[in-house]
Amino acid sequence: MTIRIAVIGAGLMGADHAKIVAEDMPGACLQVVCDMDATRARRIAEAHGAQDVMTDPEAAIARADVDAVIVASPDFTHAPLSLACIAAGKRVLCEKPLSQSVDECLAVMQAEQAAGARFVQLGFMRRYDEAYVQMRGALQRGDLGRALMMHNFHRNVETPAADFTGAMAITNSAPHEFDVVRHVLGCEYASIAAWQPKRSDARVAPVVMVLETADGQLVNIEVNNNAAYGYDVRAELVGEAGSIAMNPVAYTRTDMRLASSTGYDSDWRGRYAEAYRRQNRAFLRFVQTGAFPEIGADCWDGYCAAVVAQAGAKALAVGRKMPVEMIARPEFYA
Ligand code: ISE
């Protein structure tokens, strides 16, 4: 049976998900594209052969001819739309973050537990990126010995909005690292500190974070949303017996005029193209079987990222290290 998917949100990520559903998810079809802006929804629907266009997300979720949902609308809609999917008994792949509010994350977790089944997979797609898969594998096999540190760099060409702040770098961009690092290391954070260097202009400066894990590892994360030169993510996991680092991802190298060069993507869609496809196919299997994807991110992971982000934003504001205080992991998410 073909799984009929509604994509909610027809912006950058919604368009990308619609394309993935239409082209790279055998067993699924793009049923509806929904966006507040009907013209934008229609453009994406026509480009990828969707059956229908809607402007009301709750109505799209409720449709009898929609089996599953991908939420890629603005961040503040993620939790309410996930709740609507749970209420409708439909599985949802929700873009990160689940919510920037810890309380909203808890509300979605509670609704899911009350429903008695997993409905929400979160779009922390880096878990499916081969570099992080190999880092996690090396650690789990014991190749690296005990993990000591993980270094991370996350650079965007420029901020999406002129009023982007250091706090937003922590709550919007860094959650990718918060999630994938705890996924690779297999432990939770104990504290976070955050600082910013000074820039010569009014743009948001990089944010540099240092986190301690509950197992005594150190994690540093640089998020530079105005790096100017390209989309660039780097990571290195250092253990007592060795280290494993992510290679730059480039299919080609140009050798010309006595120089050798590789290019950068302008944003994350190219760098993580394969990870998005793996993640979305895992979501499809989840819809088909009901078994939550082995390495997928769930509501608990969304809650954890929100708690760390909240503590990180506070640490940046007050200029000192803050504890990361979480509830005990509910048995439901074990
Ligand atoms: C941005 O906020 C995202 O959501 C993207 O997934 C990420 O890759 C990008 O670097 C972030 O800044």
Side-chain angles (χ1 to χ4, degrees), residues 7-20 70-79 81-82 93-100 105 121-132 151-184 194 196 203-209 220-235 246 248-249 264-280 283 296-297 301-302 304-306 308-310 312-313 316:
V7 171
I8 298 179
L12 205 62
M13 280 318 301
D16 209 40
H17 281 297
K19 181 172 163 39
I20 295 171
I70 296 180
V71 170
S73 41
D75 289 5
F76 71 90
T77 65
H78 292 180
L81 294 180
S82 294
L93 173 63
C94 179
E95 265 302 331
K96 47 67 61 176
L98 179 56
S99 171
Q100 288 177 9
C105 292
Q121 184 182 344
L122 254 197
F124 279 129
M125 79 299 179
R126 287 200 195 175
R127 290 171 173 232
Y128 291 89
D129 179 65
E130 189 57 26
Y132 293 110
H151 305 294
N152 305 272
F153 299 82
H154 178 162
R155 296 174 183 164
N156 292 102
V157 175
E158 59 184 0
T159 53
D163 56 355
F164 203 87
T165 62
M168 286 157 78
I170 299 175
T171 57
N172 184 279
S173 300
H176 279 298
E177 273 79 17
F178 296 153
D179 180 72
V180 82
V181 170
R182 60 182 275 282
H183 173 67
V184 167
Q196 287 182 284
R203 288 160 186 251
V204 67
V207 177
V208 177
M209 289 158 263
N220 64 284
I221 304 172
E222 173 209 295
V223 174
N224 184 357
N225 294 103
N226 281 309
Y229 66 88
Y231 184 73
D232 187 13
V233 169
R234 307 178 194 181
M246 178 184 288
V249 178
Y264 285 102
D265 283 312
S266 57
D267 68 45
W268 55 90
R269 289 168 299 167
R271 167 63 185 84
Y272 290 110
E274 186 55 27
Y276 279 114
R277 279 154 183 79
R278 287 180 174 184
Q279 166 193 265
N280 290 19
F283 172 63
D301 300 308
C304 293
V308 185
Q310 195 177 57
L316 181 69

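Order of appearance sets the numbers: ligands from 1, and atoms from 1 within every ligand. Count residues from 1 along the sequence.
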The option among H176, M168, E95, R271 carrying the non-hydrogen atom nearest to atom 7 (C) of ligand 1 is H176

- Query: Does any N or O atom in R126 lie less than 3.5 angstrom from one in ligand 1, N or O only?
  - Reply: no

side-chain hydrogen bond (donor to acceptor under 3.5 Å, both in side chains) filter on D16, not counting sequence neighbours, yields none

Strictly distance-based, threshold 3.5 Å: is any side-chain N or O of N152 a donor or acceptor partner for the main-chain N or O of N220? yes

Looking only at protein heavy atoms, what sits closest to atom 8 (O) of ligand 1 is Y231 OH, 2.7 Å

- Query: Side chains of D129 and Y272: does their closest heavy-atom pair fall under 4.5 Å?
  - Reply: yes

The closest protein heavy-atom partner of atom 2 (O) of ligand 1 is N172 OD1, 2.4 Å

Which of Y229, Y264, Y231 passes side-chain hydrogen bond (donor to acceptor under 3.5 Å, both in side chains) with R155? It is Y229

Original post:
With a 4.5 Å limit on heavy-atom distance, are the side chains of P97 and D75 in contact?
Top reply: yes

Residue pair V204 / Q196, side-chain heavy-atom distance below 4.5 Å: yes

Side chain to side chain contact (heavy atoms under 4.5 Å, CB included) filter on H183, not counting sequence neighbours, yields R127, R136, I295

Near S173 (heavy-atom distance under 4.0 Å), the atoms of ligand 1 are 2 (O), 11 (C), 12 (O)

Going by the 4.0 angstrom heavy-atom rule, the piece of N156 near ligand 1 is side chain

Checking heavy atoms under 4.0 Å, the part of Y272 that sits near ligand 1 is neither

Residue, atom and distance of the protein heavy atom nearest atom 10 (O) of ligand 1 read H154 NE2, 2.5 Å

Original post:
Judged by non-hydrogen atoms, does K96 sit under 4.0 Å from ligand 1?
Top reply: yes

